[in-house]
Amino acid sequence: MPNDDKLSMIRHSMAHVMAEAVLEIFPGTKIAIGPSIENGFYYDFDLPRPLQDADLETITEHMKNIIASGVPFVRKEVSREEAKKLFADQPYKLELIDAIPENETVSLYTQGNFTDLCRGPHVESTKQLNKEAFKLLSIAGAYWRGKETNPMLTRIYGTAWTNPKELRLYMDHLADIEKRDHRKLGKELDLFSLHEEAGPGLVYWHPRGARVRQAIEDFWRGEHYKNGYELVYTPHVGRSWLWETSGHLGFYKESMYPPMEMDKADYYVKPMNCPFHIMIYKNTKHSYRELPFRWAELGTVYRYEKAGALHGLMRVRGFTQDDAHLFVTPEQMDDEILEVLRFSLYMLHSFGFKDVHAYISTKPEKSVGRVEDWDKATEALKKAVEKEGLAYDIDEGGGAFYGPKIDLKIKDAIGREWQLSTVQFDFNLPERFDLIFVDKDGTEKRPFMIHRALLGSIERFFGVLLEHYAGAFPPWLSPDQIAIIPVGESAFDYSKELEKRLRAEGFRVYTDLSSDRMNAKIRNAQTMKTPYMLIIGEKEMADDLVSVRYRGGKQVNGVKTADFINEVHGVIDRKEQI
RNA sequence: GCCUCUGUAGCUCAGUCGGUAGAGCACAACCAUGGUAAGGUUGGGGUCAGCGGUUCAAAUCCGCUCGGAGGCUCCA
């Protein structure tokens, strides 16, 4: 039996054991559902009183006793009527029984004093559960069956493994995730802040964070020019006409900031950049000879996200998309898609993300555009993904109403997936804005439009990068690349001269002239995760040398300054991590 | 929005039984001038998130409001 199945049986069985423990402690509890999930399990309860963290310990103790008692899990198939009689005082279970399709059997699982409505499978006995290999993690609220209008139940999350060592590894993993939390690192490394009183979900980039962002954006712009894009700038607000025409006021209004009135017209802050790029296209009549247009913009947009959905840099209300729109003839579609995908992968690789997975979303039931265009576009997406040798999944019917798309997800340093790039066809906006080009034969035709974002949003991308590198950016991105640390005051002047020299090389460098002792200066540079520390004293001053202390702790003394400069240039040019 | 937890100095946190606030870091001044992860001394800094209540007395107990964190898809 595959290990995963065994683990999920263990976890599902743990959920039942937890439910038994909760019923022992809180008689009268109404139980809902308790599946196994990735890394663990949960169970939803309707409890007589709110739970506190201390309750988890009590429940854990009861669970350990149940496990120690070594009782079997017994399956029994019953009629609907029997099941309903059995669960007469369990309203959630009754609802579930009614939801079981007629042609399916109703089964029960019993262990000890606890019987649950359950499809199974389970382990044979609680003997197969390890009472030292599980942990209850948290208490949360969850709507019954996930619907906002339903009552809120209390959910207890737990994790379970086959042995204590696996549990410990998983707990270490959780601690690692916590250590890498971009909100924590953002504060520690003085990169950015959010200010509730000034508006939730709006990001303030501090100088050190701005340097990283600058490095990202400079690279991004340069690569766009190299790849045949033009950069454009567009306004942040637009009159209601624009959003009515684009359809945003019809489909997207809840996600938009409310309008501002001026000169008897309503202006909306932009939630997307597309209509603006379209206005540039519409400014004049275009020939097939001019296409494709590839217009990119680091476009800052604002969207209303529910307060509870906001999360650090990952989910914000104001953010900058690395957006571009391609206006192409139908003949150009295949090549352009392939190029966009190639470009995307190149960008992701440059930032250190090597593990990429693609998701292709196809036509949903409700959609605009001709079926043959959808088919052609979807085919183009698949072809491109296959040509690049990417692993992919198809999300049937998961496309937007206006066109199919490819999303790229990357895996970070600790295996978590993040969606960054997206490439979307749009059959809707060219229609709505009546976009045309004049073809070879002199007739007017409709161009295809492709939306794409390679990094997604700069904010989110920055957050992912920060967690991926746990704050230790590779030198080409690092806020400070070099810290100059004079051994004593006699080396201050020389150090300042060295700083000038390194600055002229284009490095981000500072000299620590504080009254701290050298040890403290090293410590400070180290905690800020500065890649290179140059220790400057008598010896170095005498022979134009530097002593290099690398972030990793490695130390190389007596390096010729010119050699050090070459080394760092090389690392930065190749975008290496040290 | 809803559920649970939570809000004390710029940051990380302590504050017992209700008796009107503490530490470390950071910051400032002074001393110390140093060779690979925190030198020393002194000092400034708080409407204990806000409002209301109970009490002789509230950071502490109660209520409301405003934040923050986790969760609210994975269908017995």
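Here is how names work: the chains are called A, B, and so on, in the same order as the sequence lines, proteins then strands, and each is numbered from 1. What you see is a predicted model, and the numbers here were worked out from it, not measured in a lab.
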Engineer: Using the P atom on both, measure B:U4 against B:G19 and round to a whole Å.
Structural biologist: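 One P to the other, the span is 29 Å.
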Engineer: When rounded to the nearest 0.5 angstrom, what is the spacing between OH in A:Tyr42 and OH in A:Tyr157?
Structural biologist: 6.5 Å
Engineer: Across the strands shown, which category fits A:Arg183 at heavy-atom distances under 4.0 angstrom: base, sugar-phosphate, nothing?
Structural biologist: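 If one applies the 4.0 Å heavy-atom cut-off, A:Arg183 turns out to touch the sugar-phosphate alone, with no base involved.
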Engineer: Once rounded to the nearest 0.5 Å, what's the spacing between atom NZ of A:Lys521 and atom CD1 of A:Ile485?
Structural biologist: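 So the gap between those two atoms works out to 8.0 Å.
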Engineer: Can you tell me the distance, in whole Å, between the CG atom of A:Leu313 and the P atom of B:A69?
Structural biologist: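 The answer, rounded to whole Å, is 12 Å.
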Engineer: With a 4.0 Å cut-off on heavy atoms, is A:Tyr157 in touch with a base, just the backbone sugar-phosphate, or nothing at all?
Structural biologist: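 Contact class for A:Tyr157: sugar-phosphate only.
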Engineer: Report the distance from atom OG1 of A:Thr126 to atom CD1 of A:Ile10, rounding to the nearest 0.5 Å.
Structural biologist: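 Between A:Thr126 OG1 and A:Ile10 CD1, I get 12.0 Å after rounding to 0.5 Å.
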Engineer: Rounded to whole Å, how long is the line connecting atom CD of A:Gln526 with atom C1' of B:A38?
Structural biologist: 13 Å
Engineer: On RNA chain B, does the nearest nucleotide to A:Ala142 precede the nearest nucleotide to A:Leu96 from the 5' side, or the other way round? Give the residue.
Structural biologist: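 Going by which nucleotide is closer to the 5' end, it is A:Ala142.
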Engineer: Could you state the atom-to-atom distance from NZ of A:Lys184 to C1' of B:U12 in whole Å?
Structural biologist: 10 Å
Engineer: Over all strands shown, is A:Asn524 touching base, sugar-phosphate only, or nothing at heavy-atom distances under 4.0 angstrom?
Structural biologist: nothing
Engineer: By nearest atom, which of the nucleotides B:A32, B:C3, B:A37 is closest to the A:Ser515 side chain?
Structural biologist: B:A32
Engineer: Just N and O in the side chain of A:His311: are any of them under 4.0 Å from OP1 or OP2 of B:G68?
Structural biologist: no
Engineer: Write down the partner of B:G43 under the Watson-Crick or G-U wobble criteria, each distance required to be under 3.5 Å.
Structural biologist: B:C27
Engineer: Starting at the 5' end of RNA chain B, which residue's closest nucleotide do you reach first, A:Pro486 or A:Ala520?
Structural biologist: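 Nearest nucleotide further toward 5': that of A:Pro486.
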Engineer: Quick check for you: among B:U36, B:G70, B:A38, whose closest atom lies nearest to any side-chain atom of A:Ala140?
Structural biologist: B:G70
Engineer: Could you check which nucleotide pairs with B:C72 in any of the strands shown, counting Watson-Crick or G-U wobble with both distances under 3.5 Å?
Structural biologist: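 Result: B:G1.
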Engineer: Mind checking A:His16 for me? I need base, sugar-phosphate or nothing, with any heavy atom below 4.0 Å counting as a touch.
Structural biologist: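 It contacts nothing in the nucleic acid.
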Engineer: Can you tell me the pairing partner of B:C66 across any strand shown, Watson-Crick or G-U wobble, with both distances under 3.5 angstrom?
Structural biologist: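 B:C66 is paired with B:G7.
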Engineer: With heavy atoms under 4.0 Å as the rule, sort A:Ile535 into base, sugar-phosphate or nothing.
Structural biologist: base
Engineer: Between B:U33, B:A37, B:U4, which nucleotide gets closest to the side-chain atoms of A:Glu489?
Structural biologist: B:U33
Engineer: Does A:Arg119 reach a base, just sugar-phosphate, or nothing at all? Heavy atoms under 4.0 Å.
Structural biologist: base
Engineer: Can you label the angle between the A:His12 ring and the A:His16 ring as parallel, tilted or perpendicular, going by 30° and 60°?
Structural biologist: perpendicular
Engineer: Can you tell me the base-pairing partner of B:G18? Count Watson-Crick or G-U wobble geometry only, both distances below 3.5 Å, and say none if there is no partner.
Structural biologist: none
Engineer: May I ask which nucleotide in the shown strands pairs with B:A38, Watson-Crick or G-U wobble, both distances under 3.5 Å?
Structural biologist: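 Matched B:A38 with nothing under the 3.5 Å cut-off.
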Engineer: Remember a base hit wins even if backbone is also touched, and classify A:Thr105 as base, sugar-phosphate or nothing at under 4.0 Å, heavy atoms.
Structural biologist: base
Engineer: So, does the side chain of A:Tyr143 form a donor-acceptor pair with the base of B:G1 at under 3.5 Å?
Structural biologist: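 Such a pair is found, so the answer is yes.
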Engineer: Quick one: label A:Glu188 by what it contacts on the DNA or RNA (base, sugar-phosphate, nothing), any heavy atom closer than 4.0 Å.
Structural biologist: nothing
Engineer: With a cut-off of less than 4.0 Å, is there a side-chain N or O of A:Tyr42 near OP1 or OP2 of B:C74?
Structural biologist: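 For A:Tyr42, the contact criterion (side-chain N or O under 4.0 Å from OP1 or OP2 of B:C74) is met.
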Engineer: Looking only at N and O atoms, is any donor in the side chain of A:Glu540 or the base of B:G35 less than 3.5 Å from an acceptor on the other one?
Structural biologist: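 Side chain to base: pair present.
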Engineer: Is the phosphate of B:U36, meaning OP1 or OP2, less than 4.0 Å from a side-chain N or O of A:Arg549?
Structural biologist: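 Answer no for this pair, as no side-chain N or O of A:Arg549 is under 4.0 Å from OP1 or OP2.
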Engineer: Report the C-alpha separation of A:Glu497 and A:Lys500 in whole Å, then their side-chain angles, then the decisive distance to 0.1 Å, and conclude whether the salt bridge (Lys or Arg N to Asp or Glu O under 4.0 Å) test is met.
Structural biologist: CA-CA 5 Å; A:Glu497 283 308 307; A:Lys500 264 192 211 160; 3.6 Å; yes
Engineer: Give one of base, sugar-phosphate or nothing for A:Lys187, where a contact means two heavy atoms less than 4.0 Å apart.
Structural biologist: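 Result for A:Lys187 = sugar-phosphate.
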Engineer: Going by heavy atoms in the side chains, are A:Glu77 and A:Val106 under 4.5 Å from each other?
Structural biologist: no
Engineer: Is there a Watson-Crick or G-U wobble partner for B:C61 with both distances under 3.5 Å, and which nucleotide is it?
Structural biologist: B:G53
Engineer: Contact class for A:Glu538 vs. all strands (heavy atom < 4.0 Å): base, sugar-phosphate, or nothing?
Structural biologist: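 Base contact.
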Engineer: Without decimals, in angstroms, what is the distance between A:Leu137 CG and B:C5 P?
Structural biologist: 17 Å
Engineer: Does any nucleotide pair with B:C48 by Watson-Crick or G-U wobble geometry, both distances under 3.5 Å, and what is it?
Structural biologist: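 Paired with no nucleotide.
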Engineer: From the list B:G34, B:C3, B:A38, which nucleotide is the closest neighbour of the side chain of A:Met152?
Structural biologist: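 Side chain of A:Met152 sits closest to B:C3.
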Engineer: Find the distance A:Phe45:CZ to B:G71:P and express it as a whole number of Å.
Structural biologist: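 In whole Å, B:G71 P lies 19 Å from A:Phe45 CZ.
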Engineer: Take atom CG of A:Asp516 and atom C1' of B:A38, then tell me their distance rounded to the nearest Å.
Structural biologist: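 Between C1' of B:A38 and CG of A:Asp516: 8 Å.
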Engineer: What integer distance in Å separates A:Asp512:CG from B:A38:C1'?
Structural biologist: 13 Å
Engineer: Using a 4.5 Å cut-off on heavy atoms from C-beta on, say whether the side chain of A:Ser547 contacts that of A:Lys539.
Structural biologist: no
Engineer: Looking only at the side chains, is there a donor atom on one of A:Gln424 and A:Tyr402 sitting less than 3.5 Å from an acceptor on the other?
Structural biologist: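 Yes, A:Tyr402 and A:Gln424 have a side-chain donor paired with an acceptor closer than 3.5 Å.
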Engineer: When both hydrogen-bonding distances must be under 3.5 Å and the geometry is Watson-Crick or G-U wobble, what is B:U33 paired with, if anything?
Structural biologist: none
Engineer: Take atom CE of A:Met518 and atom C1' of B:A38, then tell me their distance rounded to the nearest Å.
Structural biologist: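 Those two atoms, CE and C1', are 13 Å apart.
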